[in-house]
S.K.: 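One structure is given below, represented as structure tokens, and several questions about it will come after.
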2 protein chains.
Amino acid sequence: MAEPMYRIIADDLDRRIKIGELQPGAQLPSEIELREEYGQGTAKASRNTVRDAIKLLVTRGLVETRPGQGTFVVKKVLPFVSRLATDPEAGGIEDGVYKDEVGKRGRTPDETRPRVEVQPADPTVAGELGLTGDEQVISRHQERRIDGTPWSMQTTFYPMKFVERGATNLLMAENIAEGMVKYLEEKLNIKQVGWRDTITARTPTGNERTFFTLSDKVQVAIIEFRRTSYDETGVPIRHTVTVYPADRNQFEMEAGAVPARPEKNHEAK
Amino acid sequence: MAEPMYRIIADDLDRRIKIGELQPGAQLPSEIELREEYGQGTAKASRNTVRDAIKLLVTRGLVETRPGQGTFVVKKVLPFVSRLATDPEAGGIEDGVYKDEVGKRGRTPDETRPRVEVQPADPTVAGELGLTGDEQVISRHQERRIDGTPWSMQTTFYPMKFVERGATNLLMAENIAEGMVKYLEEKLNIKQVGWRDTITARTPTGNERTFFTLSDKVQVAIIEFRRTSYDETGVPIRHTVTVYPADRNQFEMEAGAVPARPEKNHEAK
DNA sequence: AACGATTTGTTCGTATGTATC
DNA sequence: TGATACATACGAACAAATCGT
């Protein structure tokens, strides 16, 4: 028995999904029924073996289980496409990691009011902001939804000394209408002239699972953008961490001359 | 018992890993030992329950199991950082999705010779290349390693008509020394002036698991770059798909004026 | 509102296989 | 070779969620 039984079952169901015998949204046979389908001759497979196979498909992101209902082939959601700005002018205005067009596309965006905290900088943030030891930083956290669905979370860190130098609005739990970049320029004469993004993907934390309503079983990666912005003298101004669940987000980047994108099909594969 | 036992065990081990009681690389207690650690009073937990807890930690990417040896806290590998080019001149030269500096950083890159095939375009590729129906495309596939570790896979698709018009080297299973962009310009007078990238993250396919040596259990996301390049008239020239395992790759992007990056700490969290 | 049928979730026991040292 | 540790497989019982009657 080179291949274990549960893997054989999983691979067969995998195949049936891929060839379209089981369409997205379709219900799989119940565990009891699968016991019979995959039995050796007259003997039925054990329910636990069938369940092991299904667990494997869950981690592959192919199916999801719903207690009391059944097991279903996952439906892909319509991803929201964010265009990554490569122009410091364009990107700075929006005060976010990406230049989005939520409204333009007939989707309704929703942003929570910032949750503002003062906390000691963790080593990563301290490093990015050029702080030594455990200085305090201001953390501004926001959660974003599109059409009611949790879409991204963002936390921006500013050095505490900005407040001491007069930028007290940093502590306000309100969006700053004029944008943070402009505010810092007016208040402290600090100009944001560039930034560096670091992009990684990883498994979600507990918090992220909760906010994005990712069941503990469904396998969805988190895409993390970390942006450090700099002023004219090369001094870091702020550090922004934005996280996106990969199942409902996509990113686009253009370089050089590119024709406008035609209306695109968003069907599931 | 709101929370099931296996989740309580998993969360506790999760916590012990996060606070550093269990360091990366450290061995967890064996399943037999964990049975006693997490028993209710005198009763031991079932071995299956302990195993369920460990399976959960595996899917969270926190631990890995080795038959005959034990269960270990995963060690993060040193990620390779790719700088995403935003300048069509710079990016085009290297003929890849990213402008890398493998050699400069004392790491030894390794690229397989292209595997060249002629095949009918799948709907996505056809759409990106502006082909109708099931025209043929040339597919050139390469695998990359760094210091012997599988790092990325890349497939580039070209319209078949490029060959008919004289660019026969597209069918050669060799790297084209001068670079494909230059070759197409000389041979067909096609100039690549821009591109559009689409970035997504998803679970690995079976092929990807094999090449990247990702065990069926370890949860690592795949980062996928799809790039369509265009000529001066806005006609798509080629479509490139590059996939990276997220555990050993990271991406950087700069905009505006940014100071040079100082030597960075790459310790595991 | 109550109940039963169906389906997945949790927990335990047990036996045996396979990998490593 | 034996000891240890994880992997597979099966059986069983009860819990919890969902849906229709």
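So you know, we letter chains A, B, ... as the sequences are listed, proteins then strands, and number each from 1.
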S.K.: Starting at CG of A/Asn48 and ending at P of C/dT16, how long is that distance when rounded to a whole Å?
M.R.: 18 Å
S.K.: Check the distance between D/dA7's C1' and B/Glu64's CD and give it to me in whole angstrom.
M.R.: 16 Å
S.K.: If only atom types and distance count, is the side chain of A/Glu36 paired as donor or acceptor with the main-chain N or O of A/Glu33 below 3.5 Å?
M.R.: no
S.K.: Just N and O in the side chain of B/Thr65: are any of them under 4.0 Å from OP1 or OP2 of D/dA5?
M.R.: no
S.K.: Do the side chains of B/Glu37 and B/Arg35 get close enough for a salt bridge, i.e. N-O under 4.0 angstrom?
M.R.: no
S.K.: Output the single nucleotide from C/dT11, D/dA7, D/dC10 whose closest atom is nearest the side chain of B/Met5.
M.R.: C/dT11
S.K.: Do any side-chain nitrogens or oxygens of B/Arg66 fall under 4.0 Å of OP1 or OP2 in C/dA19?
M.R.: no
S.K.: Tell me the interatomic distance from A/Glu3, atom CD, to D/dA9, atom P, rounded to whole angstroms.
M.R.: 10 Å
S.K.: Test B/Tyr38 against every option in B/Thr49, B/Val50, B/Leu13 by the side chain to side chain contact (heavy atoms under 4.5 Å, CB included) rule and name the one that passes.
M.R.: B/Leu13
S.K.: Using a strict heavy-atom distance below 4.0 Å, which residues from residues 30-38 of chain B are in contact with DNA chain D?
M.R.: B/Ser30, B/Glu31
S.K.: Any carboxylate oxygen within less than 4.0 angstrom of a Lys/Arg side-chain nitrogen, looking at A/Lys55 and A/Glu31?
M.R.: no
S.K.: Assign each of B/Ile54 and A/Asp52 to its nearest nucleotide of DNA chain D by heavy atoms, then name whichever residue's nucleotide is nearer the 5' end.
M.R.: B/Ile54
S.K.: Just N and O in the side chain of A/Arg7: are any of them under 4.0 Å from OP1 or OP2 of D/dT8?
M.R.: yes
S.K.: For the pair made of CD in B/Gln69 and C1' in C/dC21, what is the distance, rounded to whole Å?
M.R.: 9 Å
S.K.: Check the phosphate of C/dC12 against B/Thr49, side-chain N and O only, distance under 4.0 Å to OP1 or OP2. Yes or no?
M.R.: yes
S.K.: Could you check A/Gly70 against B/Lys44 and say which one's nearest nucleotide on DNA chain C is further toward the 5' end?
M.R.: A/Gly70
S.K.: Taking only side-chain N and O atoms of A/Thr71, does any of them lie within less than 4.0 angstrom of OP1 or OP2 on C/dT7?
M.R.: no
S.K.: For the residue pair B/Thr228 / B/Glu128, report whether a side-chain donor-acceptor contact shorter than 3.5 Å exists.
M.R.: yes
S.K.: Should the pair B/Arg226-B/Asp197 be classified as a salt bridge under the 4.0 Å nitrogen-to-oxygen rule?
M.R.: no
S.K.: Quickly work out the A/Arg51 CZ to D/dA12 C1' distance and round it to whole Å.
M.R.: 14 Å
S.K.: Between A/Arg47 and D/dC10, is there a contact of a side-chain N or O with OP1 or OP2 at under 4.0 Å?
M.R.: no
S.K.: Looking only at side chains, do A/His239 and A/Arg227 share a donor and an acceptor under 3.5 Å apart?
M.R.: no
